[in-house]
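Here is the structure we will look at.
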Amino acid sequence: MATTTIAAPETASSLKRRVSYTRAFMGLVRRDFRVLGREIGPFLVRVAMNPLLFLFIFTYVMPHMSGGAQLNPTAQLGAGSGGFGTVLLPGLMAVAIMFSGIAAVALPLSQEFGITREIDDRVMTPLPIEAVAIEKIIFSAMQSIIAACAVFPMAYYIPSPHVQAHVTSWPFLIAVMVLSSLLAGALGLTIGTAVNPKQIGLIFGVVVMPITFLGCVYYSWAALGPIKWLQYAVMINPIVYMSEGLRAGLTPLAHMPEWLILTMLTFFLVLLTWLGLRGFRRRVIS
């Protein structure tokens with residue numbers, strides 16, 4: 001009886017603390033959604049402009065030009081499976097997920113960790129420091145999913161010839177979307193906490209652009225078969241598994257084994273989240 005009497009107050013206190021954490025966490029999410037709602041226009045423009053122009057020029061304008069196939073050296077990558085547009089559909093969705101994740105976490109952190117130290121306002125909420133960082137990852141994942149959904153109709157309808165897309169497994173596609181979006185947020189958190197705020201713009205040229213071009217965005221991983229060393233070298237790039245996962249879930253093109261895609265997405269998510277949380281705590285208390 002004595003044990004029960006002692007445990008009851010502890011259980012009540014633990015429940016009250018969890019309720020308090022949940023309310024504070026949801027409060028941060030609601031605040032971020034209100035900010036996003038006020039900036040929805042710039043958000044959609046940022047997400048749509050690059051893939052829209054890329055699709056319009058390479059999959060619509062050039063195929064309609066005289067000699068368009070010769071002008072576009074990548075046009076034959078998707079031959080027999082809907083053309084280059086089918087190759088691009090999952091790749092551009094992966095890029096939208098990645099850029100949205102980085103823009104939603106790394107760029108704001110570069111300001112919040114700057115001279116104003118706006119991050120101090122967030123960590124004053126009744127939450128563990130790590131929970132504040134996790135909220136950023138989760139909210140950026142929501143933005144990444146919105147970005148991918150915004151890119152899909154453009155990547156599906158603009159290309160000529162028409163894109164061949166179908167979903168063979170909804171659970172697999174949803175798992176890839178969720179893991180990829182969380183991974184993009186974790187990557188943004190790692191970059192935002194590891195890089196000096198003054199150098200955050202340099203990261204896009206030194207890190208983001210190379211991993212994009214070597215991320216199987218504009219070609220499938222299987223297409224790298226003739227260049228074996230590069231085919232295996234790019235496997236250290238997490239964007240490869242985003243692109244290949246969406247390619248496996250949305251197109252009939254050759255792709256990596258599904259078990260490998262899910263395993264590596266989970267591995268990079270755990271690794272980058274751990275690095276990001278450690279860096280976030282270090283930057284907050286410094």
Side-chain angles (χ1 to χ4, degrees), residues 29 32 43 46-47 51 89-110 130-152 169-195 200 203-204 206-218 220-221 233-250 255-280:
V29 172
D32 287 339
F43 169 74
R46 184 180 74 239
V47 167
L89 171 63
L92 291 180
M93 289 177 67
V95 169
I97 289 173
M98 182 196 67
F99 271 98
S100 293
I102 294 176
V105 182
L107 296 182
L109 278 179
S110 68
E130 287 78 8
V132 176
I134 290 173
E135 186 273 337
K136 283 186 168 293
I137 293 176
I138 292 176
F139 183 71
S140 75
M142 297 177 186
Q143 291 190 54
S144 294
I145 291 174
I146 295 172
C149 292
V151 167
F152 179 84
S169 173
W170 280 103
F172 174 77
L173 179 60
I174 291 171
V176 169
M177 287 281 289
V178 172
L179 287 173
S180 298
S181 299
L182 291 171
L183 172 55
L187 176 61
L189 181 67
T190 302
I191 292 174
T193 56
V195 178
I200 196 68
I203 290 299
F204 280 85
V206 175
V207 176
V208 176
M209 293 308 295
I211 66 175
T212 299
F213 281 99
L214 295 174
C216 295
V217 172
Y218 310 112
S220 66
W221 184 76
V234 298
M235 293 182 73
I236 64 172
N237 184 352
I239 312 304
V240 168
Y241 305 99
M242 296 183 191
S243 300
E244 285 294 297
L246 292 168
R247 191 164 285 121
L250 288 171
H255 54 77
M256 282 182 172
E258 295 180 358
W259 67 266
L260 178 61
I261 293 170
L262 294 177
T263 299
M264 295 308 294
L265 283 175
T266 303
F267 168 75
F268 279 112
L269 172 59
V270 172
L271 175 63
L272 291 173
T273 300
W274 176 71
L275 292 173
L277 292 179
R278 189 178 68 169
F280 187 82

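Please read these numbers as outputs of a predicted model, since none were measured by experiment.
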Exercise. Of T193, I191, T190, which meets side chain to side chain contact (heavy atoms under 4.5 Å, CB included) against L275?
Worked result: T190
For this session: Indicate the atoms forming the closest heavy-atom contact of A147 with A96, along with that distance.
Result: CB-O, 3.9 Å
For this session: Calculate, to the nearest 0.5 Å, the distance between atoms CD1 and OG belonging to I137 and S144 respectively.
Result: 11.5 Å
For this session: First locate atom CH2 of W221, then atom CD of E244, and finally report the distance between them rounded to the nearest 0.5 Å.
Result: 8.0 Å
Exercise. Are V208 and M98 close enough, and set up right, to give a side-chain contact (heavy atoms from CB on, under 4.5 Å), and what steps lead you there?
Worked result: CA-CA 9 Å; V208 176; M98 182 196 67; 3.7 Å; yes
Exercise. Is any side-chain heavy atom of E130 closer than 4.5 Å to a side-chain heavy atom of F280?
Worked result: no
Exercise. Hey, what do you get for CD1 (I145) to OG (S180), rounding to the nearest 0.5 Å?
Worked result: 9.5 Å
Side-chain atoms of residues 263-271: list all donor-acceptor pairs with protein atoms under 3.5 Å, sequence neighbours left out, distances to 0.1 Å.
{"residue": "T263", "atom": "OG1", "partner": "W259", "partner atom": "O", "Å": "2.7"}
{"residue": "T266", "atom": "OG1", "partner": "L262", "partner atom": "O", "Å": "2.8"}

Seminar exercise, completed: By ring-ring contact (aromatic ring centres under 6.0 Å, His included), F213 pairs with (sequence neighbours left out) Y218
For this session: Might you point out which heavy atoms bring A148 and I97 nearest each other, and give the distance in Å?
Result: CB-CG1, 3.7 Å
For this session: Give the minimum heavy-atom separation between V217 and T212, together with the two atoms involved.
Result: CG2-O, 3.5 Å
Problem set entry | Minimum heavy-atom distance between L107 and A103, given as atom pair plus value | CB-O, 3.7 Å
For this session: Decide side-chain contact (heavy atoms from CB on, under 4.5 Å) for S169 and E258; before the verdict, give the C-alpha distance in whole Å, the side-chain angles of both, and the deciding distance to 0.1 Å.
Result: CA-CA 11 Å; S169 173; E258 295 180 358; 5.7 Å; no
Exercise. Take atom CD1 in I236; do more than 12 heavy atoms of anything else shown fall under 6.0 Å from it?
Worked result: no
Exercise. Which heavy atom in I261 sits nearest to a heavy atom in G245, and how many Å separate them?
Worked result: CG2-CA, 3.6 Å
Seminar exercise, completed: Output for pair (H255 NE2, S243 OG), nearest 0.5 Å, gives 13.5 Å
Problem set entry | Atom pair CG/CZ of L189 and R278 - distance to nearest 0.5 Å | 12.0 Å
For this session: Measure the CG-CG distance between L246 and L89 for me, rounded to the nearest 0.5 Å.
Result: 8.0 Å
For this session: Can you see which heavy atom on G185 is nearest to which on V105, and at what distance?
Result: O-CG2, 3.9 Å
